[in-house]
Amino acid sequence: MTDLLANLNPEQLAAVTLPAEPALILAGAGSGKTRVLTTRIAWLIQTGQVSPAGLLAVTFTNKAAKEMLARLTAMLPINTRGMWVGTFHGLCNRMLRAHFRDAGLPQGFQILDTQDQQSAIKRLLKSLNVDDEKYPPRTVQNFINSAKEQGLRPDKVEAHDPFNRRLVELYVAYDAQCQREGVVDFAELLLRCYELLTFNAAIRDHYQRRFSHILVDEFQDTNVLQYAWLKLLAGHGHNAAGPQPNAVFAVGDDDQSIYAFRGANVGNMTDFEREFQVRHMIKLEQNYRSHGNILDTANHLISHNARRLGKDLRTDAGHGEPVRVYQAGSDALEAGWMVEEIKDLIAGGMLRSEIALLYRSNAQSRIIEHALFSSGIPYRVYGGLRFFERAEVKHALAYLQLLENPENDSAFGRVVNFPARGIGARSIEQLQDAARMANCPLFRAVAYVPGKAGTSLGNFARLIEQMRADTRHMTLPETVEHVIHASGLIAHYQSEKEGQDRIENLQELVTAAQAFVGEEGYRLDAPAFALPLRDGDAAPALPADGEAVIVDDAITAEMTPIVAFLTHASLESGDNQAQVGQDAVQMMTVHAAKGLEFNVVFITGLEEGLFPHENSMLDPGGLEEERRLMYVAITRARQRLYMSFAQSRMLHGQTRYHIRSRFFDELPEHTLKWLTPQQQSYAQQRIGTGGSSSGGWGRDWFKRPDETGYTGTKPTGGMDTGNGYADAKRSEKTGFRVGQSVFHNKFGEGKIVALEGEGADARAQIKFKRHDTKWLALGIAKLDPID
DNA sequence: TGCCGGGTCCTTTTT
DNA sequence: GGACCCGGCA
């Protein structure tokens, strides 16, 4: 045990060895957060306070879960298989698989990823003849997901206007469609599981008794529903199984909350503190990653945020180098400068993989890639399409889905005519009519379509039936192999000139299936264990501590290997790129960099409108989130940090002129070293600003703020600044607020960018999706709020 | 049925 | 600038 706790600093030690009570650990960047979390688990087990089966640890990403398990195995000689360590979605999936009947789901329910969900919604809108100008699939999707993430079923969603009432109707129809087809989207996994625990006392009691310790990683990123789910499992409040709620050990950093835009609620941290009457709050402020100048820069910046729990990172590492700041004439020059710097670094012995190039938005990567490519520096771009999201892979998976579940109309629609087999839009329409008449899935409606269309559809149905028969006794990898050939996918891509990569990906899918079978130990002859808490069980058979593995195997046995593999594919979309292993410069968005660290970090494109992003100003608190994002970016660096910005940049096909980011005005002077003079050189001016002169935020961009009196708070133009709360006040006068989405009968959907005047003079500037940005008089224009 | 061209959109993203 | 979607045409 002494081994386990050796080398922890006093705060870490205190956190690891806290008593079994609610605790909140404020873990700053680079403060050894994962170490504390895993050591805590190991310590709890080793001291006999809990068995591996009696704790639940939840993370956001599969990567984090795997990392935790790997470190745990290194610390303790235990079998981590069957332990409840995973992502929110993974753990909910597991519970739903075990209790599928109680959850009202079919046994082999399939999981929709974001793409699948979008196409399901498109299909729904089409079948209901909904005007997709007024109700774009994206809008409907966001509406449904955000409702679910707040734990709201359609009957609980407040809708005060016709637009929202219609959205609620669509939400109802969408859920019905999913239920009919036996599919579940990501948010549904969580909501369904939450409802399972809410409405089924026996199951709730079971898990509440079982998980005496609950550990949560990245707690600042939890949304309302996830927090509610945790409260249920913890036995907090009136639903408690026993007098004592289970010990929730939440680790998070409010300063690194960068996912509010997708529903994360930092407020969960203070709510948790209050609702669980947290007596143990420990701050981990000792940073083991970055040099002093880098930390000072980060601390200084983040101190400009008003809403913080408060925390200051410190290091023993010494000041180190200053933060280097570079002003470039253009985005191309910025990239060119970076390439030169990188060459020097590499020449000086720096590993390429220890150099990270960060940017705010993906669109910025292209020009940097171009520069790196031209000078022959190997690089790797993170983000973008992942393995299981590729079209050809999705096609193959759709065939597998259809083998398993012929009711899955999404899968049917995806591959009925892919590869092309003469089934066109008209045949599909006939089929849909038939399905509607007979009130059955498309697959079964095939029998009711007469004539030529019926014949080609019949051939397709027979193809699927044949595949199902042929693969009945095959292993999973054999099945995948068979399907990619028998479906005609391989042949199709062979005839396509650009098809070679796709064929390789399909082969890779077979390999993935092999790896999956190997890892998960799926055997077709797996003994079927009885599940606890199944229908008809008089007394729920609660697995005693230590029997976690049995439950896990039971779930495995309930799922066919195909369902298990499909689930794996949806919940874990795979790696992005094949070229792992090579020593390459790392390129990614700041969001993607969270949790990573590098010796050298370049933060690029630090310009007003880009970083902070102009759209962030529409949300209340948006600027603070951008600042946290910047904080995350800075704290990725160990030894050397560069920051750069360009005076002109190609954006959306237009040259735009930006002033440098206001964040520069929030950094301490003494940690920065400007590599460029304040005035750009003549040569830079010529290359950088050549041609266009439109757009921009004004004419002072080429001067430092101290010369112009520019305070860094207000660029010209309609962009609102500051905290966004001022606008919330204005809404009392006009009934509208900045950032609000509205619908106009003529111009369609838009977002309010600015408001001015009051009463009869009140005007709103609205950025319309399908039209230009316009000023409209609120007394005259009829605007419907749509959010 | 399938291909081409025009129109439109464009922050961040995990599951 | 570029990806993606849809509509029109061969």
Side-chain angles (χ1 to χ4, degrees), chain A residues 58-65 86-93 111-119 122 132-133 136-138 145 148-149 184-190 218 221-223 225-226 257-264 331 358-367 370 382-386 388-389 391 417-428 456 567-574 576 588-595 605 609-619 622 625-626 628-630 632-633 649-656 748-749 767-771:
Chain A
V58 59
T59 62
F60 272 84
T61 64
N62 290 301
K63 206 173 138 202
T87 63
F88 279 100
H89 294 85
L91 297 175
C92 286
N93 171 62
I111 299 168
L112 300 183
D113 67 16
T114 313
Q115 285 178 39
D116 300 333
Q117 186 189 33
Q118 171 134 188
S119 50
K122 276 186 193 159
D132 59 4
E133 284 274 297
R138 274 290 298 275
N145 287 340
K148 287 187 179 182
E149 278 159 14
V184 161
D185 61 51
F186 286 139
E188 182 74 22
L189 279 175
L190 297 180
E218 306 276 19
D221 286 337
T222 50
N223 63 33
L225 179 57
Q226 285 158 341
S257 157
I258 55 173
Y259 286 110
F261 74 93
R262 65 171 197 221
D331 48 357
L358 308 184
Y359 33 83
R360 176 65 179 80
S361 65
N362 281 307
Q364 291 165 248
S365 74
R366 180 153 277 108
I367 190 140
H370 181 78
Y382 287 78
L385 212 52
R386 311 241 287 281
F388 287 113
E389 292 167 357
N417 196 38
F418 195 96
R421 42 177 78 89
I423 300 172
R426 248 197 41 227
S427 310
I428 301 291
S456 42
T567 302
H568 169 78
S570 333
L571 288 182
E572 203 166 332
S573 27
N576 318 70
M588 66 196 81
T589 63
V590 180
H591 281 93
K594 185 167 161 203
L610 245 193
F611 202 174
H613 199 279
E614 52 192 335
N615 290 5
S616 71
M617 307 300 164
L618 298 172
D619 301 319
E625 178 145 321
E626 294 289 304
R628 291 192 293 268
L629 197 52
M630 180 68 183
V632 168
R649 182 175 294 275
M650 206 48 175
L651 220 54
H652 311 320
Q654 269 186 326
T655 306
R656 305 225 322 201
E749 206 183 323
K767 187 175 166 188
F768 287 104
K769 282 194 169 168
R770 276 163 230 292
H771 291 270

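All values below come from the heavy atoms of this structure, side chains included, with hydrogens, waters and symmetry mates left out. Every chain is numbered from 1, with letters handed out A, B, ... down the list of sequences.
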> If I pick the P atom on C:dC4 and the same atom on B:dT13, what distance separates them, to the nearest angstrom?
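Approximately 16 Å lies between the P atom of B:dT13 and that of C:dC4.
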> Could you tell me how far apart A:R656 (CZ) and C:dG1 (P) are, to the nearest whole angstrom?
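After rounding, the gap between these two atoms is 15 Å.
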> Quick one: closest heavy-atom pair of A:L571 and A:F186, and the distance?
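Heavy atoms of A:L571 and A:F186 come nearest at CD2-CE2, 4.0 Å.
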> Compute the ring centroids of A:F261 and A:H591, then answer whether they are less than 6.0 Å apart.
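Ring centroids of A:F261 and A:H591 are less than 6.0 Å from each other.
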> Using whole Å, report how far CD of A:Q364 lies from C1' of C:dG2.
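In whole Å, C:dG2 C1' lies 16 Å from A:Q364 CD.
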> Between A:E149 (side chain only) and A:A187 (backbone N and O only), is there a donor and an acceptor less than 3.5 Å apart?
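The answer is no, because no donor-acceptor pair under 3.5 Å joins these two groups.
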> Look at all strands and tell whether A:L112 reaches a base, only sugar-phosphate, or nothing, counting heavy atoms closer than 4.0 Å.
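No contact.
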> Rounding to an integer number of Å, can you tell me how far A:M650 CE sits from C:dG1 P?
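Distance, rounded to whole Å: 4 Å.
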> Name the residue closer to the 5' end of DNA chain B, choosing between A:A420 and A:G90 according to the nucleotide with the nearest heavy atom.
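The answer here is A:A420.
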> Side chains of A:T114 and A:Q117: is there a donor and an acceptor less than 3.5 Å apart?
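The criterion, which ignores hydrogens and geometry beyond distance, is not satisfied for A:Q117 and A:T114.
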> Can you tell me the distance, in whole Å, between the CG atom of A:L651 and the P atom of C:dA3?
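One finds 16 Å between P of C:dA3 and CG of A:L651, rounded.
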> A side-chain contact here means heavy atoms from C-beta on lying under 4.5 Å apart; do A:V58 and A:Q226 qualify?
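They are not in contact (no side-chain heavy atoms under 4.5 Å apart), so the answer is no.
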> Which atoms of nucleotides 12-14 of chain B (N or O only) lie under 3.5 Å from a protein N or O atom, and what are those distances?
{"unit_1": "B:dT12", "atom_1": "OP1", "unit_2": "A:N362", "atom_2": "N", "d": "2.7"}
{"unit_1": "B:dT12", "atom_1": "OP1", "unit_2": "A:N362", "atom_2": "ND2", "d": "3.3"}
{"unit_1": "B:dT12", "atom_1": "O4'", "unit_2": "A:R360", "atom_2": "NH1", "d": "3.0"}
{"unit_1": "B:dT12", "atom_1": "O2", "unit_2": "A:R360", "atom_2": "NH2", "d": "2.9"}
{"unit_1": "B:dT13", "atom_1": "OP1", "unit_2": "A:T589", "atom_2": "OG1", "d": "2.5"}
{"unit_1": "B:dT13", "atom_1": "OP2", "unit_2": "A:N362", "atom_2": "ND2", "d": "3.2"}
{"unit_1": "B:dT14", "atom_1": "OP2", "unit_2": "A:R386", "atom_2": "NH1", "d": "3.2"}

> Quick check on B:dT12: syn or anti? Syn means the glycosidic torsion is within 90 degrees of zero.
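Here the answer is anti: the torsion falls beyond 90° from 0.
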> Between A:E625 and A:G622, is there a donor-acceptor pair closer than 3.5 Å when you use the side chain of the first and the backbone of the second?
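Side chain of A:E625 to backbone of A:G622, a donor-acceptor pair under 3.5 Å: no, none is there.
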